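Quick caveat, the model's predicted, so the values are computed rather than measured.
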Amino acid sequence: MASNPDPSTSALRADPAPQGPRWPATLSVIFHWLAAVAMFGALAGGVFVHRLSSCCDVGHWTVYNLHASFGLALLALVVLRILVRLLRPWPALPEHMPVWQRLTARATHTALYVLMVALPLAGWSIVSAPGCCHLNPYVFDWFVLPSLDPAPIPNRAAAFSLHSVLAWMTMGVIALHASAALFHHFVYRDDILARIVPALRAWRSRREQK
């Protein structure tokens with residue numbers, strides 16, 4: 001007569017293998033949306049500032065200050081977000097994604113992080129370089145943005161050109177990033193968008209519990 005199998009062994013065979021976290025850390029989600037707000041605020045102000053013939057007009061300083069304030073906030077938020085992601089890596093991409101989509105996703109995220117650091121630094125270099133009335137913007141009316149000494153790009157015209165190019169690149173990468181998230185949500189119907197939108201995450205969790 002065969003003996004009963006060890007129940008612990010049966011349980012190990014029945015239970016699925018442990019997996020990593022399905023959802024990103026709450027702080028990652030918070031920093032993601034705060035960085036998005038700062039990014040769009042900086043880009044909107046940048047479009048206005050870019051059209052000015054001179055930043056010395058006192059009537060334009062409110063927008064100019066906000067543009068610089070959002071840019072500095074973006075730089076601080078992306079540093080905090082990188083620290084959080086080092087402590088808790090982002091969940092793995094769905095298995096159904098082909099290799100080219102995984103590579104594109106990684107390249108897009110890497111480009112976004114690089115741009116979110118390089119874009120504010122290029123703008124800060126404009127402030128630090130000679131010119132622009134030698135007046136530094138106020139950061140949310142809390143303090144005056146100090147100049148970088150020495151300026152990373154000492155030529156103000158070159159810094160301004162680089163800042164503009166990086167801004168257009170950022171808008172393109174954001175459009176690609178958002179389009180991919182919507183494509184996954186409406187075509188693949190996976191949890192990519194739900195990972196970063198708490199309302200969708202809660203709705204998906206309730207649906208799975210039924």
Worksheet entry | Set of side-chain contact (heavy atoms from CB on, under 4.5 Å) partners for His163, sequence neighbours left out |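 side-chain contact (heavy atoms from CB on, under 4.5 Å) list for His163, sorted by chain: His67, Leu119, Ala122, Ile126.
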Response to the item:
Hits for side-chain contact (heavy atoms from CB on, under 4.5 Å) against Ala73, two or more places apart or cross-chain, chain-then-number order -> Ala38, Phe140
How long is the gap from [atom1] on [X] to [atom2] on [Y], to the nearest 0.5 Å?
X: Leu43; Y: Trp168; atom1: CG; atom2: CH2; answer: 10.0 Å
X: Leu176; Y: Thr104; atom1: CG; atom2: OG1; answer: 7.5 Å
X: Trp142; Y: Leu72; atom1: CH2; atom2: CG; answer: 10.0 Å
X: Ser69; Y: Leu74; atom1: OG; atom2: CG; answer: 12.5 Å
X: Leu27; Y: Leu80; atom1: CG; atom2: CG; answer: 9.0 Å

Worksheet item: Below 4.5 Å, heavy atoms only, C-beta onward: do Arg195 and His184 meet side chain to side chain?
Response: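 Arg195 vs His184: side chains apart.
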Worksheet entry | Any side-chain heavy-atom pair of Leu93 and Ile192 under 4.5 Å | yes
Item to complete: Return the minimal non-hydrogen interatomic distance between Pro137 and Tyr64, and the atom names on each side.
Response: CB-CE2, 3.8 Å
Discussion item. Please give me the minimum heavy-atom distance between Asp191 and Pro94, naming the atom from each residue.
Written reply: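 Answer, listing the atom of Asp191 first, then Pro94: OD1-CG, 4.4 Å.
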Fill in: Members besides Val99 in its Ile/Leu/Val/Met/Phe/Trp/Tyr cluster (side-chain heavy atoms under 4.5 Å)
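Val99 shares its hydrophobic cluster with Leu103.
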Contacts table for residues 29-37: side-chain donor-acceptor under 3.5 angstrom, sequence neighbours left out:
unit_1 : atom_1 : unit_2 : atom_2 : d
Trp33  : NE1    : Ile196 : O      : 2.6

Worksheet item: Going through the checks in order, is the side-chain contact (heavy atoms from CB on, under 4.5 Å) test met by Leu87 and Leu83?
Response: CA-CA 7 Å; Leu87 295 174; Leu83 292 176; 5.7 Å; no
Which atom pairs, donor and acceptor, lie under 3.5 Å between side-chain atoms of residues 146-155 and protein residues at least two apart or in another chain?
unit_1 : atom_1 : unit_2 : atom_2 : d
Ser147 : OG     : Asn136 : ND2    : 2.9
Asn155 : OD1    : Ala157 : N      : 3.0
Asn155 : OD1    : Ala158 : N      : 2.9

Worksheet item: Would you say Ser125's side chain and Leu121's backbone share a donor-acceptor pair under 3.5 angstrom?
Response: no
Hydrophobic cluster identity match, [X] and [Y], side-chain contacts under 4.5 Å:
X: Val78; Y: Ile174; value: yes
X: Leu75; Y: Leu145; value: yes
X: Met171; Y: Val114; value: no

Worksheet item: Can you pull the ring pair (Phe, Tyr, Trp, His ring centres under 6.0 Å) pairs that have at least one residue in residues 95-114, sequence neighbours excluded?
Response: His96-Tyr188, His109-His177
Item to complete: Mind checking side-chain hydrogen bond (donor to acceptor under 3.5 Å, both in side chains) for Thr110 and listing every partner two or more places apart, or none if nothing turns up?
Response: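 Once residues adjacent in sequence are excluded, Thr110 has no partner under the side-chain hydrogen bond (donor to acceptor under 3.5 Å, both in side chains) criterion.
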